[in-house]
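Note that ligands are numbered from 1 as they come in the structure, with each ligand's atoms numbered from 1 the same way.
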Amino acid sequence: MTDRLMLDDEDVLSRLSELRRLIDYHNQRYYALDDPQISDAQYDNLFRQLVDLEKEHPELITADSPTQRVGFAPVEKFLAFHHDTPLLSLENAMNIEEAVEFDRRVRKILSTQAQIDYVAELKMDGLAIELVYENGSLVGAGTRGDGFTGEDVSTNVRTIRAAPWRLLSNPGANPLPAKLAVRGEVFIEKRDFEKLNEQRSSRGEAPFANPRNAAAGSLRQIDPAVTASRPLRVFFYGMGTFEGQEVFTTHYAILEQFKLWGLPVNPQSRLCKGIGEAISFFEQLVERREYLPYEIDGVVIKVNDLSAQRLLGEKSRSPRWAIALKFSPYQVQTHVEDIRFNVGRTGIITPVAILNPVLVGGVTVKRATLHNEDEIARKDIRIGDAVLVHRAGDVIPEVAEVITSKRTGKEIAFRMVSLCPACGATVVRLAEEAFHRCVNRNCPAQIKGAIVHFASRDAMDITGLGDKTVSRFIDQNIIRNVSDLYRLRMDNLENLAGFGKKSAQNLLESIEASKHVVLSRFLYSLGISHVGTFVADLLANSFGSLQNIRSASIEELQKTRGIGEKVATAIAAYFSNPENTHLVDELTGELGLNIQNPQSAQPLASGFWSGKTVVFTGSLSAMSRQEAARAVSAKGARVTESVSAKTDLVVAGVAPGSKLDKARTLGVKVLDEDQFVTLVTADS
Ligand code: IVH
């Protein structure tokens, strides 16, 4: 007999209930309080211990063990689920004026001039659900249906980890209500949605159209095992039937109580004084929306005071005390008025749709890229077509699809230009390329693009040299190429209409300041094909000086990890062209650019850390933050101070600060110290 089996029954029982209690507790920390105390790995470890112990003692598995969330038999069909209190829907406000009008109505009915306290919540884009608890135990769950009767999805809801089977009762708190119905929204996070679709395509299954469809499809599964395999989440936002000691006076207090019971509430809910604060919350979200980990389609504004809610009452389908202030959607219908051509700095000619201007996700869109000839043919886009325009993140707007049912027959088919619209030179399409190029290296559009790129923020960072200014300088023959920038003097600029003395001075100062530049920036600013900021960093770090890069052969360039044949060939080709070497000589010679080489040139690994932007928060026990930062920098990562959508990883030590919250809000991956140390030491 081994020691392990010596655990007597009582020990096993108490370990089992300890593990179950711990798992329930950490579920609450994670889902309801958004404040986990242990890492995902530690959670998984607890769960595994429970699974293993239950495997050894199957007779001790209880129906409410967290391991049982996946173990239900399929249902024949969904039964009806009656809502004791009807599940109403919301009236929409399509713009801010309508929200102001809502507030006016509220104050009129309440006969008050005073500001109303509102709770502003994110309007989650998923599907509505009601969960019923009796004396703290989950007894059933149903979809919204027509508001009175939905479908009974109890077994499926039981597979959702964020939905507690038992409400937590806190010492000293009120007794758990005899009956409680809570309402919320089931959803899937954007990243999980993408992973799910990837998985589906790899199995030859049709992908879901959007996270909402994926969530709805996952919840309405006959086989709960399928639901259990889907990354469903839930946030609760309201209460239906309540039988118990009525203690709430505000909606916000209800949300706070939900968290104590272990019911997840969106942490972004906000108490607002007056409609003005609710509207500014909405306006901030217009900007932040695309960086949230899940999709939302607006902000729900609710009167906070429950007695005021009762006074306001309900219309037939929606309450008078709440309104959904909706965003304008990311995908909007408009017309293609024309198709024009943009010539980029490398001569690539991109067809661009000129659109009837529309608001897409809060931004006015007038043009959309059509990418290239093949793409237009594939989507069959014609001038005059009604189209759906899509915009998301920092991505340039594009035409998602043509609404062919709206064709009148008057649409004009697309034809690629055969001459460059900027200089009239021949346009070619190389066999291996999808796009067309202007062959004239002196094409003014290319020169303009090259100068704008040279001056851009990640390149030489010359402020005041945007698209418009560069166009003017070229059109008026003030500059003809990049090197002319360093020959500009006050008297060139003074007589330019609309160019004030101050802005001229600022521009000249900024150009002067750009003369001190680190090697990687300078390389990037040259606009060599395939040399972005990342490759420029690699080159600077592994070759150490401009001279070394200039004289390197294709083979030598390729020895740098992360630089392949295509990139190496482009770099060698650039420096073997006399026009380019002349420009570089001029800049670094008579025009006085002072290029700083990196301190210690060393080849960068192309491993896990390379190219990642990393933020540290909290203190680490194995090393100081400086040491940690140095370790990952040496592996090619960039360490920055603040978390943004561009951050790849946040490393959270003990007592992390608000950076961790920000990371969670933005859906940035978080590593704890253990995971961090493993990754730094593993990836050498
Ligand atoms: S309150 C009586 N709050 O939006 C008020 N609804 O028509 C009931 N939704 O499908 C709704 N997030 O599921 C409320 N924070 C939120 C919400 C929310 C999403 C959904 C709801 C329903 C629709 C309202």
- prompt: Which residue supplies the protein heavy atom nearest to atom 21 (C) of ligand 1, what is that atom called, and how far is it?
  reply: Y237 OH, 3.1 Å
- request: Determine the interplanar angle of the Y118 and F102 rings, folded into 0 to 90°, and report it as parallel if under 30°, tilted if 30 to 60°, perpendicular if over 60°.
  value: tilted
Side-chain donor-acceptor pair present, Q331, H390, cut-off under 3.5 Å: yes
field: atom 12 (N) of ligand 1: the protein heavy-atom neighbour that sits closest, reported with distance to 0.1 Å
entry: M124 N, 3.1 Å
- prompt: When you measure from the side chain of N210 to the backbone N and O of R212, does any donor-acceptor pair fall under 3.5 Å?
  reply: yes
field: For E121, the ligand 1 atoms whose distance to one of its heavy atoms is below 4.0 Å
entry: 3 (N), 15 (N), 16 (C)
- request: For atom 8 (C) of ligand 1, find the nearest protein heavy atom and state the residue, atom name and distance (0.1 Å precision).
  value: L88 O, 3.8 Å
task: Check ligand 1 against A128 and write out every atom of the ligand that is under 4.0 Å from a heavy-atom position of the residue.
output: 10 (O), 13 (O)
Shortest protein contact, atom 13 (O) of ligand 1 (heavy atom only): E185 OE1, 2.3 Å
Student check: side-chain heavy atoms of E185 and Y237 closer than 4.5 Å: yes
statement: The closest protein heavy-atom partner of atom 5 (C) of ligand 1 is L90 CD2, 3.7 Å
task: Flag the pair E205 and R200 as a salt bridge only when some basic side-chain nitrogen lies within less than 4.0 angstrom of an acidic carboxylate oxygen.
output: yes
message: Just so I know, are the side chains of D152 and F78 near enough to count as touching, which here means a heavy-atom distance under 4.5 Å?
response: no
- prompt: Starting from atom 3 (N) of ligand 1, which protein heavy atom do you reach first, and at what distance in Å?
  reply: K302 NZ, 3.0 Å
Carboxylate-amine/guanidinium proximity below 4.0 Å for K315 and E91: yes
- prompt: What atoms of ligand 1 come within less than 4.0 Å of a heavy atom belonging to S89?
  reply: 7 (O)
message: Quick check on contacts: which atoms of ligand 1 are under 4.0 angstrom from a heavy atom of P319?
response: 2 (C)
task: Please report which non-hydrogen protein atom sits nearest to atom 23 (C) of ligand 1, along with the residue it belongs to and the distance in Å to one decimal place.
output: K123 NZ, 3.8 Å
query: If you count the atoms of ligand 1 from 1 in the order shown, which ones are under 4.0 Å from a heavy atom of L122?
result: 12 (N), 15 (N)
field: Under 3.5 Å donor-acceptor, Q42 side chain and S39 backbone
entry: yes
